[in-house]
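These notes concern the structure reproduced below.
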Amino acid sequence: MIENEKHPLNFIETIINEDIKEGKNAGRVHTRFPPEPNGYLHIGHAKSIILNYGLAKKYSGKFNLRFDDTNPTKEEQEYVDSIMEDVKWLGADWEDRLFFASDYFDQLYEWAEKIILAGNAFVDDQSAEIISEQRGTPTKPGIESPFRNRTPEENLDLFRRMKAGEFQNGERVLRAKVDMASPNMHMRDPVMYRILHAHHHRTGDKWCVYPMYDWAHGESDYLEGITHSVCTLEFEVHRPLYDWFVNQIQETDYRPRQIEFARLNLSYTVMSKRKLLELVKERYVNGWDDPRMPTISGLRRRGYTSESLKLFADKVGVAKRNNVIDVALLEHSIREDLNQKATRAMAVLDPVKLIIANYPDGLVEEMETENNPEDKDAGTRNLPFSKEIYIEKNDFMIDPPRKFFRLGPGREVRLKGAYIIKCEDYKLNSETGEIETIYCTYDPDSRSGMEGSKRKVKGTLHWVSAQHAIDAEVRLFDRLFISESPEDGEDYKTNINPGSLKILENCKLEPSLKTVSPGDKFQFQRLGYFCVDLDSTAEKLVFNRTVPLRDSWAKMRGK
RNA sequence: UGCCCGAUGGUGUAAUUGGCAACACGUCUGAUUUUGGUUCAGAAGAGUUCAGGUUCGAGCCCUGGUCGGGCAACCA
């Protein structure tokens, strides 16, 4: 349970091992994922979910999903629903432990009264501005509120009246009495409750005082028996306060422990909820689940599998230093997964007609082809072949360079799973000058499987029989931002990639793809991994390109 | 002029109680290949932020600097 010989321990596992060794919390491990329902989850959250759930599994512990819903002005049911869907999709199973911080409002309130009675919290009548001024700055100590020394009785009375709704928003707050001179700003008599006459998505209008994060979070952990409360680095300075609050209410020697790790950053994208919200609201993308978004729902729609995200999280690791992960690592992870699983298919995205002059008119042959060379159990299917086919426009060049292993005048090429053909002639469009038709002959003895097919031929092309082809729209995505770190400049929006979405209307697919449904994943041979989009219907098929195949030819040409 | 973190190839993460830096991605060769994919073989690339110290020996320990990040919502 402690060791995993495949991987060295990350620093959190090291801590957990020590805790277990020391017998802390009876050796239990219990983690949680605590999202605020004020936006959709992104791949950074995926890292956290996979980490927290993974720790629970590894140590035979438990994992909770808890919504941190202490601010009714920002939170919505829509987000709760999407978050649950995403966490579930990632395979993190909270079993019967779905919680909300709002479940604990009564308990929290009761504890707050106790802390008041103990003389460790007081009601402050001052405005937010004044309180903020008195707090000082990181280099200058704060000064104490004039209301700091009210009697517990007066504080209790005031707090009860706050709860009863006698005051307006902002009129009073409950503050913990810690230390206004602390070098840690968070210890300078932090606010525990503020007055918010707002409708809460779960508790309705029952409350008009709402707990602040620092007060609610650690106590929620405590109530749930969380042992290791994993969060991101920016909460590091909150830890003393986390511990202070737990100290106020602690009854046994059980203690939750906050551990901070570095959040995930990805090159060529933004990760803050605020910015993602902006992209959605200002229509730079088509919603939270736009396949270009780094959201979990966007990645899912794009064709990413949850397994690929786990592979990714594994490669990324867990540490405390700030990082920027190359998107290439994400792309590698999905290729790694899909290469094993995706059914291969023939699809021509930018078609040009090719006529095989010596192939019998009207003949249709069924070409048996394997569904996945990486998986023998995937079986085979038949592809119809005929005199007129489509190939990819960029698989033909009139005057090809030496290293171009594709079709050109006088050149021979293999049609994957079918015959070897030779280009005899071509015709250009009289107006545009673009290639319009390619004329070839085929070698009847070169059908796949025949002796004649064993010849060495430079290139192999994918193709689709013209008369059997079905039409589809294919959406190609590029990175949403031009810049590797779009948040560096003044305004990240100036770095938006105007060409991040390209829609191809006239794609030709092999007929077996007629009956696909949204979410189905394929490798379009020689092109990349594609999945059926949510917009796809039987009348109009729509595919998303998840990621292209590695392309050493494109790389050569780029140089 | 405060407090808290962090610093290892281009990127990310490792390095048993201190024992001459490993893995992954990326890059570059070559082989195989009816996907210019996959697979396989190999290469380049850091001497661990700097300066001292302890030690037979330091990426790991100590001291001091430098650089980077975080902290001053009635947000989380």
Side-chain angles (χ1 to χ4, degrees), chain A residues 7-10 34-36 38 68-71 73-75 101 124 127-129 131-133 135-142 169-175 182-188 190-196 209-210 212-214 216-217 231-240 260 262 264 267 273 314-326 328-333 335-336 339-340 344 346 369-370 373-374 403-406 414-418 420 446 448-449 453-454 456-462 523-528 548-556:
Chain A
H7 292 293
L9 301 178
N10 64 47
E36 182 187 15
N38 68 343
D68 226 330
D69 56 349
T70 55
N71 186 349
T73 64
K74 290 189 177 172
E75 296 148 7
D124 198 330
S127 67
E129 297 70 51
I131 291 176
S132 171
E133 270 171 41
R135 186 141 34 223
T137 69
T139 54
K140 196 183 77 193
N169 289 358
E171 246 180 274
R172 282 183 170 78
V173 289
L174 181 72
R175 290 226 259 167
S182 171
N184 182 339
M185 297 294 292
H186 297 278
M187 300 300 271
R188 322 242 260 228
V191 173
M192 291 173 69
Y193 278 93
R194 76 285 216 188
I195 297 171
L196 244 32
V209 290
Y210 290 93
M212 299 290 291
Y213 166 83
D214 287 298
H217 197 89
C231 64
T232 45
L233 250 28
E234 67 270 28
F235 291 102
E236 212 152 19
V237 283
H238 293 242
R239 197 187 332 137
E260 312 85 11
L264 172 75
S267 60
K273 275 190 190 175
D314 205 49
K315 295 177 207 294
V316 159
V318 178
K320 293 191 73 162
R321 100 181 70 143
N322 300 311
N323 60 76
V324 181
I325 310 294
D326 192 337
L329 190 62
L330 218 209
E331 296 180 341
H332 172 264
S333 303
R335 288 193 190 105
E336 184 180 11
N339 178 48
Q340 302 301 321
R344 270 56 171 174
M346 296 281 203
T369 186
E370 50 189 350
E374 305 295 323
K403 297 267 214 171
F404 186 78
F405 304 149
R406 304 180 188 184
R414 185 191 303 278
L415 295 174
K416 188 167 174 65
I420 295 171
S446 68
S448 284
S453 75
K454 307 235 161 84
K456 287 284 174 207
V457 183
K458 263 285 169 45
T460 301
L461 306 188
H462 61 280
Q523 184 201 89
F524 287 174
Q525 215 115 198
R526 299 209 306 136
L527 297 175
L549 251 29
R550 286 183 60 190
D551 187 349
S552 51
W553 166 241
K555 203 174 287 174
M556 274 177 71

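In what follows, every chain begins at residue 1, and chains take the letters A, B, ... in the order their sequences are listed. Note that the coordinates shown come from a computational prediction; the quantities given were computed from them, not determined experimentally.
- Listed by chain and number, the residues in a salt bridge (Lys or Arg N to Asp or Glu O under 4.0 Å) with A/R188 amount to none (sequence neighbours excluded).
- When distances are taken from the side chain of A/E236 to each of B/C25, B/G12, B/C5, the shortest belongs to B/C5.
- In this structure, A/K458 atom NZ and B/U35 atom P are separated by 15 Å, rounded to whole Å.
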Give me, pair by pair, the N or O atoms of the protein and of nucleotides 38-40 of chain B that are less than 3.5 Å apart, along with how far apart they are.
unit_1, atom_1, unit_2, atom_2, d
B/U38, OP1, A/R550, NH1, 3.4
B/U38, O2', A/N339, ND2, 3.1
B/U38, O2', A/E374, OE1, 3.3
B/U38, O2', A/E374, OE2, 3.3

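- Partners of A/E236 by salt bridge (Lys or Arg N to Asp or Glu O under 4.0 Å), not counting sequence neighbours, listed by chain and number: A/K320.
- Rounded to an integer number of Å, the gap from A/L330 CG to B/A24 C1' is 14 Å.
- Under the rule for a ring-ring contact (aromatic ring centres under 6.0 Å, His included), A/H462 has no partner lying at least two apart in sequence or in another chain.
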Under 3.5 Å between N/O atoms: give me all the protein pairs with nucleotides 14-20 of chain B, atom names plus distance.
unit_1, atom_1, unit_2, atom_2, d
B/A14, OP1, A/V318, O, 3.1

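- Base contact: A/F404 has a heavy atom under 4.0 Å from a base atom.
- Residues passing the side-chain contact (heavy atoms from CB on, under 4.5 Å) test with A/E234, sequence neighbours excluded: A/T232, A/R263.
- Judged by Watson-Crick or G-U wobble contacts below 3.5 Å, the nucleotide B/C3 has B/G70 as its partner.
- Within 4.0 Å (heavy atoms only), A/K454 reaches no atom of the nucleic acid at all.
- Here the C1' atom of nucleotide B/U13 and the CG atom of A/L264 are 13 Å apart, to the nearest Å.
- In this structure, the NZ atom of A/K555 is 12 Å from the C1' atom of B/C25, given to the nearest Å.
- If you check every strand for non-hydrogen atoms under 4.0 Å, A/R239 touches nothing.
- Whole-Å rounding puts the A/K416 NZ to B/U34 C1' distance at 5 Å.
- The nearest whole Å value for the distance from the CG atom in A/L233 to the C1' atom in B/A7 is 13 Å.
- Partners of A/E374 by salt bridge (Lys or Arg N to Asp or Glu O under 4.0 Å), not counting sequence neighbours: none found.
- For B/G47, the glycosidic angle deviates from 0 by 90° or less, giving a syn base.
- In this structure, B/A73 is classed as syn because its glycosidic torsion stays within 90° of zero.
- In this structure, A/V457 reaches neither bases nor backbone, as no heavy-atom distance under 4.0 Å exists between it and the strands shown.
- A/H238 is linked by a ring-ring contact (aromatic ring centres under 6.0 Å, His included) to A/H186, A/F235, counting only residues two or more places apart in sequence or in another chain.
- A search for side-chain contact (heavy atoms from CB on, under 4.5 Å) contacts involving A/D314 returns A/H7, not counting sequence neighbours.
- A straight line from CG of A/N323 to C1' of B/G70 spans 15 Å, rounded to a whole angstrom.
- Between A/T460 and the phosphate of B/U33, there is no side-chain N or O to OP1/OP2 separation shorter than 4.0 Å.
- Residue A/Q523 is classed as a base contact, given a heavy-atom separation below 4.0 Å to a base.
- Judged as a side-chain hydrogen bond (donor to acceptor under 3.5 Å, both in side chains), and not counting sequence neighbours, A/K416 has no contacts.
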What is the per-nucleotide protein-contact pattern of nucleotides 71-76 of chain B, from the 5' end, where B denotes a base atom under 4.0 Å from a protein heavy atom, S denotes such proximity for sugar-phosphate atoms only, and - denotes neither? SBSBSB

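- One N or O donor and one acceptor, one from the side chain of A/S448 and one from the base of B/U34, sit under 3.5 Å apart.
- One interatomic measurement links the two molecules: CZ of A/R188 to C1' of B/G2, which rounds to 8 Å at whole-angstrom precision.
- A search for salt bridge (Lys or Arg N to Asp or Glu O under 4.0 Å) contacts involving A/D214 returns nothing, not counting sequence neighbours.
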